[in-house]
Amino acid sequence: MYSVCGNMVSARQLFDGSPVVDSVSWNSILAGYIRGGDSEEALAIFSRMPERNTIASNSMIALLARERRPRDARNLFEKMPVRDVVSWSAIISCFDQNEMHGEALEMFALMNSDGVPVDEVVLVSVLSASASLVAAKEGELVHGLATKTGIDSYLNLNNALINMYSSCFNIPAARRLFDSGLHLDQISANSMLSGYLKCRLIDDAREFFDSMPQKDAVSWSTMVSGYAQNNLFSETLALFQVMQLREFSPDEAALVSVLSACAHLVALKQGKWVHTYIRRHGLVINPILGTTLIDMYMKCGCVEEAVEVFNGIKEKGISSWNAVIIGLATNGMATEALEKFSEMKKLGLAPNEVTFVGVLAACRYLGSVAEGRRFFDSMLEEHKIEPNLRHYGCLVDLLGRAGLLREAEELIERMPMAPDKHGNLEMGERVSRRLIELEPCHDGAHVLLSNLYASSGRWEEAVEVRARMREKKVTKIPGCSLVEAGGTVHEFFAGDGSHPQMRDIERVLNEVARRMRLEGLQPDTSGVHLDIDSEEKETSLHRHSEKLAMAFGLISIPTPTPIRVVKNLRICGDCHLAAKAISRIFQREIVVRDRHLHHHFKGGECSCGDYW
DNA sequence: AGCTGGCACG
């Protein structure tokens with residue numbers, strides 16, 4: 001009774017006081033701890049049990065799954081003398097929920113070869129794993145199995161099927177199930193919506209979303225985050241406004257996408273609003289939300305606020321550490337970034353490959369060749385992490401900067417890496433091939449595929465993809481800069497004169513050029529690859545998007561607020577020169593975030609020390 | 001006793 005009511009203290013007193021403990025008592029006390037989620041006590045009781053029945057073991061596996069302890073669950077599973085379909089189902093779902101999708105599918109294969117008959121519940125977990133792996137073939141096999149065994153009218157299974165086809169970019173198959181008069185619910189519709197978004201079919205997604213008879217918080221959140229993942233950040237923020245007008249309170253997951261949009265748009269005002277919202281509503285800053293919040297502040301150049309958020313997070317995940325390390329490194333505080341890294345290691349946290357992108361970026365920034373090499377070598381030796389293209393890129397850059405060109409070349413020679421037969425490459429290849437099919441001119445997918453081949457040593461195929469890009473005239477990304485002023489994000493493209501305040505911008509740019517000439521500062525035309533004479537070069541430099549954005553910031557952001565600009569490409573030498581001049585002449589702090597790092601301009605100097 | 005949808009750092 002005590003155990004069922006959750007009063008484990010009284011239950012335990014009775015249990016410990018009993019002279020004879022029968023198997024019912026053992027099972028009751030165990031069930032009490034499992035229900036309460038007390039895995040330590042549950043495991044202790046479990047290990048003392050004279051006879052462990054299958055039901056108790058099955059529930060233990062499920063508990064360990066929730067506690068993110070798949071290794072312990074596997075050990076327990078392997079020690080079981082008798083396993084039924086629920087045991088298999090529990091271990092498969094455990095792997096699936098702990099991002100071990102491949103292991104989940106392997107377990108399912110073992111289950112089949114053991115001759116254990118499947119039921120509808122285990123198929124749901126197998127389909128979930130197939131969806132995560134974008135394993136269309138496996139998914140279809142499971143679908144066939146479900147049809148053959150006649151268990152295809154189970155709601156969760158239908159939803160898992162729709163989700164699997166959606167995740168594997170097979171919209172027609174998902175839609176057939178959705179339209180075929182099966183028993184469906186809100187989850188079915190949300191999975192369908194998510195499928196359109198994964199396929200980048202934004203207009204179809206929006207049409208489907210608008211036509212949904214019922215929308216719950218997940219529907220809104222799916223659409224909002226779908227915009228963000230397709231780089232439609234203004235749409236993300238706009239739909240988020242509508243979501244709130246409809247009185248859907250955003251939860252942690254929705255806010256993550258909104259913050260990520262704010263980070264991309266340097267929309268600091270909206271980002272701060274979200275932070276306040278989180279505090280006011282007492283939302284828990286989970287590791288993902290914390291990471292995104294840190295990243296938003298870091299991407300806006302607000303290092304202090306980012307570190308404050310980081311310090312306030314109770315449960316710091318590895319990604320929170322990564323966000324702070326990368327943020328410090330890109331904001332010109334490389335020494336602090338490396339300090340954070342050693343602090344993290346002291347706490348016994350294992351770095352991952354993202355951590356090392358930050359660590360190596362810090363070394364590149366500092367120009368510390370020996371340290372960079374040491375960290376690079378420690379990846380494989382100490383942490384069993386295979387360096388990827390980004391890590392190599394960082395080290396090559398670092399060596400190149402130090403003038404060690406021969407070493408840099410050698411590194412490129414021995415770069416990657418045997419084609420890996422399992423996991424990421426195959427999955428990445430499936431995903432990018434499908435995206436290219438859906439959207440032949442999408443440059444991101446081509447670049448992704450090409451990088452994938454390159455990173456696994458399949459150079460010829462990488463080159464082939466690049467050639468196809470040229471053939472299809474996949475568009476190059478134009479230079480684009482954003483600046484927030486008065487709560488609105490303004491967008492400028494290179495050479496773009498369409499802004500309503502263009503005359504004022506022009507006036508400011510001419511004034512900047514005049515003041516720079518007075519001080520004998522020559523424009524730096526080396527970064528311009530246009531076939532025009534030098535006078536025109538100077539004019540075209542005026543039109544660089546970051547310069548337009550900075551000039552607009554000067555006239556529309558009141559002092560002493562810093563001007564925060566984000567550029568999608570790297571800042572050019574001349575704009576860098578101009579930014580330094582502006583920061584001194586006009587006494588304005590400027591932060592320009594480019595593809596690689598943040599440039600903090602103050603009093604005529606840049607935090608990057610003129611190397612970027 | 002086991003199961004399905006939206007989420008971040010490169």
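Just the heavy atoms: all of them, side chains too, but no hydrogens, waters or symmetry mates, feed the values below. Within every chain, numbering begins at 1; the chains are lettered A, B, ... in the order of the sequence lines, protein sequences first and strands thereafter.
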Query raised in the report: Out of A/Val256, A/Leu255, A/Val274, A/Ile278, which residue meets the side chain to side chain contact (heavy atoms under 4.5 Å, CB included) rule with A/Pro250?
Result: A/Leu255
Query - Spacing between A/Met164 atom CE and B/dT4 atom P, to the nearest angstrom - result: 15 Å
Query - Between B/dG10 (P) and A/His598 (NE2): distance, integer Å - result: 10 Å
Requested in this report: Write down the distance between CG (A/Asn352) and C1' (B/dA8), rounded to a whole number of angstrom.
Outcome: 12 Å
Report summary line: From CZ of A/Phe178 across to P of B/dT4 the rounded distance in Å is 20 Å
Report task. Write down the distance between CG (A/Asn286) and C1' (B/dC7), rounded to a whole number of angstrom. Result -> 8 Å
Requested in this report: Establish whether the base of B/dA8 is bridged to the side chain of A/Ser260 by a donor-acceptor pair shorter than 3.5 Å.
Outcome: no
Query raised in the report: Any donor-acceptor pair under 3.5 Å between the side chain of A/Ser221 and the base of B/dG6?
Result: yes
Requested in this report: Quick one: label A/Asp216 by what it contacts on the DNA or RNA (base, sugar-phosphate, nothing), any heavy atom closer than 4.0 Å.
Outcome: base
Report task. Measure distances between side-chain N and O atoms of A/Ser89 and base N and O atoms of B/dG2, and say whether any donor-acceptor pair falls under 3.5 Å. Result -> yes
Report task. Please state how far atom CH2 in A/Trp321 lies from atom C1' in B/dC9, giving the value in whole angstrom units. Result -> 14 Å
Query raised in the report: Base, sugar-phosphate alone, or nothing: which one does A/Asp251 contact when heavy atoms must sit under 4.0 Å apart?
Result: base
Query raised in the report: A/Phe46 CZ to B/dA1 C1': how many Å, rounded?
Result: 12 Å
Query raised in the report: Are any of the side-chain heavy atoms of A/Thr330 and A/Lys299 separated by less than 4.5 Å?
Result: no
Requested in this report: Using a cut-off of strictly less than 4.0 Å, decide whether A/Gln229 has a side-chain nitrogen or oxygen near OP1 or OP2 of B/dA8.
Outcome: yes
